[in-house]
J.: 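Before we start, here is the structure in question, set down as structure tokens.
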Amino acid sequence: MPALPGGGDVPRPIQQQYEQRPAAGSAPSSLVRPYAVTKGRTKPKSQLPLEALISATAAARNESGTLTPEWQAISDLCREWRSVAEISALLRMPLGVARVLVADMSEQGLVQIRSSLNNEARPNTNLLERVLSGLRKL
């Protein structure tokens with residue numbers, strides 16, 4: 001990495017390749033910067049916990065040819081319920097990007113969201129007990 005006159009390194013531009021599993025006949029993904037995918041936004045418009053479960057709606061399946069590649073990948077992945085964290089990991093995209101995209105898709109009616117948070121934004125006691133039980137089994 002080249003050095004700055006003051007002794008620091010010149011930062012390299014961040015490039016993220018989303019290694020999605022392309023559908024049959026589709027072109028491979030290209031290098032896309034995360035801020036370009038989210039139009040510069042770093043936070044979702046609505047609160048979206050990492051453990052929230054996401055499922056694609058019939059509308060997403062019907063509009064599959066018109067969705068952006070990222071939305072299409074999320075829609076394809078969420079034929080079964082997946083958490084936001086899983087979407088991020090399986091599509092190899094930054095968590096913040098996944099949260100923004102899922103929140104945008106929710107606003108368009110393309111995904112359903114099941115959250116463990118109740119109206120007071122406190123964790124569900126049953127969920128916490130299941131997590132604690134699972135940790136004790138380890």
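Because the structure is predicted, anything quoted here is derived from the model rather than measured. Starting from 1, each residue takes its place in the sequence as its number.
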J.: For Ala59, enumerate each residue passing the side-chain contact (heavy atoms from CB on, under 4.5 Å) test, keeping only those at least two apart in sequence or located in another chain.
T.: Thr57, Leu110
J.: Flag yes if Leu53 and Leu95 sit in one hydrophobic cluster, no otherwise; membership is Ile, Leu, Val, Met, Phe, Trp, Tyr, and two members link when side-chain heavy atoms are under 4.5 Å apart.
T.: no
J.: Enter the distance from Thr66:OG1 to Gln72:CD here, rounded to the nearest 0.5 Å.
T.: 8.5 Å
J.: Name all residues meeting the side-chain contact (heavy atoms from CB on, under 4.5 Å) criterion together with Thr68; count only those two or more places apart in sequence or in a different chain, and write none if there are none.
T.: Glu70, Trp71
J.: For the OG atom of Ser88 and the CZ atom of Arg82, what is their distance to the nearest 0.5 Å?
T.: 13.0 Å
J.: Would you give the length of the straight line joining atom CG of Leu91 to atom CD of Glu86, rounded to the nearest 0.5 angstrom?
T.: 10.5 Å
J.: Who passes salt bridge (Lys or Arg N to Asp or Glu O under 4.0 Å) against Glu107, sequence neighbours left out?
T.: Lys45
J.: Among the clusters formed by ILVMFWY side chains lying less than 4.5 Å apart, do Trp81 and Val102 turn up in the same one?
T.: no
J.: Report all side-chain donor-acceptor pairs from residues 127-138 shorter than 3.5 Å, counting only partners two or more places apart or in another chain.
T.:
none

J.: As an exercise, state the distance from CD of Glu51 to CZ of Arg114, rounded to the nearest 0.5 Å.
T.: 14.5 Å
J.: Please identify each residue that fulfils side-chain contact (heavy atoms from CB on, under 4.5 Å) with Ser75, with sequence neighbours left out.
T.: Ala56, Ala60, Leu67, Met105
J.: Roughly how far apart are Leu90 CG and Leu77 CG, rounded to 0.5 Å?
T.: 5.5 Å
